[in-house]
Amino acid sequence: MCLESHSSGQKTWQQISCGTVVPAGTEARDVAHIKAAREGIVEYRAVVYGLTSPTDHHPVRERTSGLATVSTR
């Protein structure tokens, strides 16, 4: 699982951090300490990737969470 952010002015989502690989189930976790670089609206989402092994270099996006929107000043 990885956390991504998108702020006004950006065209693409930026990966913030990724948790450790787990075999299956609901054990995936990721913790990130984030400090906004500038004012505006920032959106965050979690993305779950499917891997064929812990060292898989070609993950497949399985699921994306809903957005969490934060207004920074």
Side-chain angles (χ1 to χ4, degrees):
M1 180 178 79
C2 297
L3 298 176
E4 297 181 340
S5 71
H6 179 265
S7 61
S8 52
Q10 284 184 325
K11 294 183 180 183
T12 61
W13 286 88
Q14 303 297 313
Q15 193 172 80
I16 298 172
S17 65
C18 292
T20 58
V21 176
V22 296
T26 59
E27 302 301 317
R29 283 191 285 170
D30 189 15
V31 177
H33 300 280
I34 304 163
K35 183 175 181 181
R38 56 185 158 262
E39 293 183 5
I41 303 294
V42 183
E43 297 175 318
Y44 298 98
R45 69 181 181 186
V47 180
V48 175
Y49 290 96
L51 305 170
T52 56
S53 73
T55 59
D56 186 357
H57 295 290
H58 303 284
V60 176
R61 184 177 300 225
E62 298 278 332
R63 194 174 304 159
T64 303
S65 74
L67 298 179
T69 304
V70 178
S71 177
T72 61
R73 43 185 168 135

Heavy-atom pair with the smallest gap, counting every atom of Asp56 and Gly50: OD2-O, 4.5 Å

Looking at every heavy atom in both Glu62 and Tyr49, which two are closest together, and how far apart are they? CG-C, 3.8 Å

Report yes or no: does Ser65 contribute a side-chain atom to a donor-acceptor pair with the main-chain N or O of Arg45 at less than 3.5 Å? no

Is it the case that over 12 heavy atoms from other parts of the model lie below 6.0 angstrom from the CZ atom of Arg63? no

Closest approach of Glu4 to Gln15 (non-hydrogen atoms, all atoms of both residues): CG-CA, 4.1 Å

Check Glu43 against Leu67 and note the closest heavy-atom contact, atom names and distance. OE2-CD1, 3.5 Å

Set of side-chain contact (heavy atoms from CB on, under 4.5 Å) partners for Ser5, sequence neighbours left out: Gln14, Ile16, Val42, Tyr44

